[in-house]
Structure formats: C-alpha cells, structure tokens
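These notes are about the structure you will find just below.
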Amino acid sequence: MHPSATRVAFAATLLTCAALVVAPWRGHVDDTDAQLYLVIERTMARAHEWFDLRCLPGFYPSFREHLPFAFWPGIAAIRLFGEWAVNPLSALFTLAAIYLAGRIAARIGGTWAGVAAMFLLGTCEVIWQYGGRPLIEPALYLFATAAAAAALEDRWILAAILGAVATLIKGPFGLLPLGCVAVTRLPDKRAPIAVVSAVLPFALFIWLDPGGGWRTQYLHDRLLGLAGGSINNGIVMWWFPFSVVARRFWPGFPFLILGLAQAVRNPRLRPLAGACVLMVALLCIPERKWGNHAYVAFPLLGALAGVAAGSLLERVKPQAMAVTLAMASVVAWAGSISGIWARVLKPPCVFSTTLAPALDGLKPDDPILVVSPEVETLAIVELAAGRKLSPWPAQALPADGTIHSAVIRDGIAVPQSWMTIAKSGGWSFASDRH
C-alpha cells in the first residue's frame, strides 16, 4: 500500500463529496421541510428560545412535530453567526457522517473500502442534494452513525453518549443504528446497557415536558400516530423502506447486495451487515412511513457497500486510483461552482421569479394572506423563508381587514375592495384598495 496515494484518495473523495453537497446552493431551493425548519430556527433565535418551538403567528404558532434539540444547531448558528451559517453547518454534519461511514468500512475492509464507502455515499443523490440544507437529517446522520461506529469498536460509553444525542434529535429513528448494532453484538452485556442509557435523556425530556405539549403532541399524536396509523399522512405499504433503499441508494445499491453476499463468508462483516438488514426491517414496523425515515440507515449501508466495492478496487494500482479521484474532485468542483449540478433542482417558485417584483414592495415581517381552499404549506414557507414575510393561511379574501396584501390561488374570487397587481403560475398577488 502506498500511504501518499491513499491520503490523496481519501482527501480527493471527501472534496468530491463536499463539492456535491454545496452544489444546490448555486440554485434556488424550494423544499417544504428545509424552509419550514429555517423559519422555526429564525423565530426561535430572535426570541432567544430553545424549547417552546414555534414558526409564525399565523402558521404553526406551536410546533411539536419534532424535538427541539433537532433545531438547536441551527438556532445556535443563527445567533452566533447569522442565517448564512445554517447551510454550511448542515453540510459539515453531512461530510462528517460520510467520513465516519468511510472509517467504518476501512476498519473492516481496508483503505480502499473506506474510500469506496465515502464515494458511494457522497454521490448518492439523497445525501448530496439534501445534505447542505437546514434539515434534521444532517445532524442525525452524524450522531447516529457515530454511535453505531463506536458500538462496532466496542466503545460502549461513547456509543451511549452519541446515541443519546441522536435520540434527542429524532427520537426512535436516532436510536435505530445503535440499537441494531447492539443486537448484533449480543451477548455482550454492555450492548443493552448502552441502548438503555441512550434512551434515558429522551425519556427524561418527555417526562419533564419543558415548553408543554411534547407528551401529547409529539409522543402520542406524532410517534404513536405513525406507529399505529392514526395520522392521515405517510405510506402504508409495509415494504416501503426496502423500496426506498432499492430506488434511492444509488450508485451504491449493487455493491450493497454484493456486501450482503460477502457477509455470509466474512465474520468481520456480519455485525455491520446484520445491523443494516435489521434497520431496514424495523423501519417497516410503523403503520405510516416516510422516505426520509429510512435515510438514517444510508451511512451504514454506504459502509457495507464500500467494503464490497473496496474488495474490487484492490486490483487497481493505488497511484492510478489517486489520480482518478483527484480528477473527479476537480470535475465535481467545476460543476458545482459553474452551477451545472444545481440544474437537477426543481424550477424556482413564482415568488422568487415572476411575482418577485410585485412582492419587493413588502417589508420583512409584513403580514400576507395565502388564500387557497387548502393550506398551501410550501407557498407559506417559501414566502416566510425566502422573503421573510409573515404569511397567514386563509380560504377566502376578506372584504376588509388588517392584512392588506395577499397571494391568491387561481379560482378564488377577488372582492372589489382588492386589486390584482400581478399573476403567474397559478397565483395572483393582490393588495386591498384602502
């Protein structure tokens, strides 16, 4: 093995992943969750609040769909550096998780397994396209994967601490990687102790219920609602998590299958492979499922796929591999800086394009009605995150009122007391005549 070549390969792979993670910043991102979470973090940072999550006065005045700890990194970043720091912080979390996946693979299969794991995970569209946004997943990837990595190395105290952080970020989904690795390490008595220890801070928070509503709205309505199917959203097909992996874990999926086959003969690979299979199987248990619930498994899936791919890369000359990866890094950064990779994003919303000149007359925090037969969550968070307005959902335009601006879905009647100023993409912008 050539140490200089392997160092170049590791660095080049991580740089390639970084180029892809920041690539969406060159375009306009319309992402319901990311924009909603950014507004929550902005609101909490302004109020110097940490537990009583809320979004806007007219939209989610009390938010209990996720634990507050998931938003703490973003809140802290805004308070310390400003709103610009939220995306880079998410990107750093994602890159750290990619590195950890490489470290897990390298410990089992050698240097090239680690390089392959990072490359396969970092080029997975789910990871790079969403890894630099203000979402819950980047921090979840980091701490859940770190907990699993520590458990695979029998560092159970560290695993419990990191698992506790991951569980505070996203409840049982954060505990899943550590719990599944612990099952594969039985009958080591430290494994169940680490899992129970990781749950304790979460249980204490639910018991104390700071800010109010966490036991009823998060634990009972959200978590138990997903588990029992009492909520109306989500996918009910029991095999959906397996479908998510098969459709979205690319280009690593073929190597993942190869890694599972290799685990039959490789005892060192079995704990990782067993944990991966168990994770996806357990994700099938809740009655209602979302695709992003399965993403917590992707770093460990990347490590398993990397071990399989690494066994094939051992036949390639290290210098040739290092040069190839260095060239890939250059191409990745050229595409990122030029904005080529950002073209995979959806077309920008009308509020940032054709209706933008009309909206420019509004000031930050100005109230605005979002008029539609149904609550238009994406439109609301687009106006709040991108234009820093204070939207209020409504089903009809009032003849008069305290809010003097509105965006209106096509088909909604516009009273004579309102004047339509601009129209595009199924929306109109109007202001009252007073």
Side-chain angles (χ1 to χ4, degrees), residues 1-22 90-128 131-132 137-153 155 158-159 162 166 177-178 181 249-256 258-260 262-263 266 268-269 271-273 275-276 279 295-314 316 318 321-322 324-326 328-329 332:
M1 190 64 67
H2 297 260
S4 59
T6 57
R7 284 195 293 267
V8 170
F10 257 94
T13 302
L14 203 55
L15 284 171
T16 299
C17 297
L20 292 175
V21 169
V22 305
S90 294
L92 287 174
F93 284 155
T94 299
L95 291 172
I98 291 171
Y99 170 79
L100 282 173
R103 176 178 167 177
I104 292 171
R107 181 175 172 271
I108 297 171
T111 299
W112 295 118
V115 171
M118 291 194 299
F119 189 85
L120 294 174
L121 183 61
T123 55
C124 178
E125 187 179 10
V126 163
I127 299 297
W128 72 261
E137 280 70 28
L140 178 66
Y141 294 150
L142 173 58
F143 288 100
T145 306
L152 286 167
E153 297 175 3
R155 302 169 68 185
L158 179 61
L162 294 168
L178 171 60
V181 171
F249 186 68
W250 287 85
F253 185 72
F255 300 100
L256 174 63
L258 179 60
L260 291 172
Q262 290 180 350
N266 186 351
R268 296 191 63 200
L269 191 54
L272 176 59
C276 288
M279 271 193 295
Y295 297 163
V296 68
F298 277 29
L300 291 188
L301 297 180
L304 178 57
V307 174
S311 64
L312 304 177
L313 293 178
E314 291 177 355
V316 182
M321 183 59 64
T324 301
L325 291 171
S329 175

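This structure is a prediction, so every number in the text was calculated from the model and none was measured.
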N/O donor to acceptor pairs below 3.5 angstrom from side-chain atoms of residues 304-312, sequence neighbours left out:
from	atom 1	to	atom 2	distance (Å)
Ser311	OG	Gln262	NE2	3.2
Ser311	OG	Ala308	O	2.5

What are the two closest heavy atoms between Leu20 and Gly122, and how far apart are they?
CD1-O, 3.7 Å

Interatomic distance, CZ@Phe10 vs CH2@Trp112, rounded to 0.5 Å, equals 8.5 Å

Run the ring-ring contact (aromatic ring centres under 6.0 Å, His included) test against Tyr295 and tell me which residues pass, sequence neighbours left out.
Phe298

With sequence neighbours left out, the residues meeting side-chain contact (heavy atoms from CB on, under 4.5 Å) with Pro251 are Leu120, Thr123

Output for pair (Leu301 CG, Leu256 CG), nearest 0.5 Å, gives 5.5 Å

How would you list, by chain and number, every residue that makes a side-chain contact (heavy atoms from CB on, under 4.5 Å) with Ala91, sequence neighbours excluded?
Val21, Trp25

With a 4.5 Å heavy-atom cut-off, do Arg7 and Ser4 have their side chains touching?
yes

Heavy atoms of Leu178 and Ala159 approach each other most closely as CD2-O, 3.6 Å

Over all atoms of both residues, closest heavy-atom pair of Met279 and Leu300:
CE-CD1, 3.4 Å

Any chance you could measure Leu140, atom CG, to Phe93, atom CZ, to the nearest 0.5 Å?
11.0 Å

Test side-chain hydrogen bond (donor to acceptor under 3.5 Å, both in side chains) applied to Arg268 - qualifying residues, sequence neighbours left out:
none

Within a strict 4.5 Å, meaning less than it, do heavy atoms of the Cys17 and Leu95 side chains meet?
yes

Using atom types as modelled, flag every donor-acceptor pair under 3.5 Å from a side chain in residues 141-148 to any protein atom, sequence neighbours excluded.
from	atom 1	to	atom 2	distance (Å)
Thr145	OG1	Tyr141	O	2.5

What are the two closest non-hydrogen atoms of Leu121 and Ala101, and how far apart are they?
CD2-CB, 3.7 Å

Contacts of Tyr99 that satisfy ring-ring contact (aromatic ring centres under 6.0 Å, His included) - sequence neighbours left out
none

Of the non-hydrogen atoms in Glu314 and Gly109, which two are nearest, and what is the gap between them?
OE2-O, 4.0 Å

Show the nearest heavy-atom pair for residues Ala303 and Ala117, with the distance to one decimal.
CA-CB, 3.9 Å

Value for CD1 (Ile127) from CD (Glu137), rounded to nearest 0.5 Å, stands at 9.0 Å

Of all pairs that satisfy salt bridge (Lys or Arg N to Asp or Glu O under 4.0 Å), the ones with a partner from residues 116-125, not counting sequence neighbours
none

Selection residues 100-120 - residue pairs positive for salt bridge (Lys or Arg N to Asp or Glu O under 4.0 Å), sequence neighbours left out
Arg103-Glu153

With sequence neighbours left out, the residues meeting side-chain contact (heavy atoms from CB on, under 4.5 Å) with Ala149 are Ile104

Candidate pair Thr94 and Trp128, rule side chain to side chain contact (heavy atoms under 4.5 Å, CB included), full reasoning:
CA-CA 8 Å; Thr94 299; Trp128 72 261; over 6 Å; no

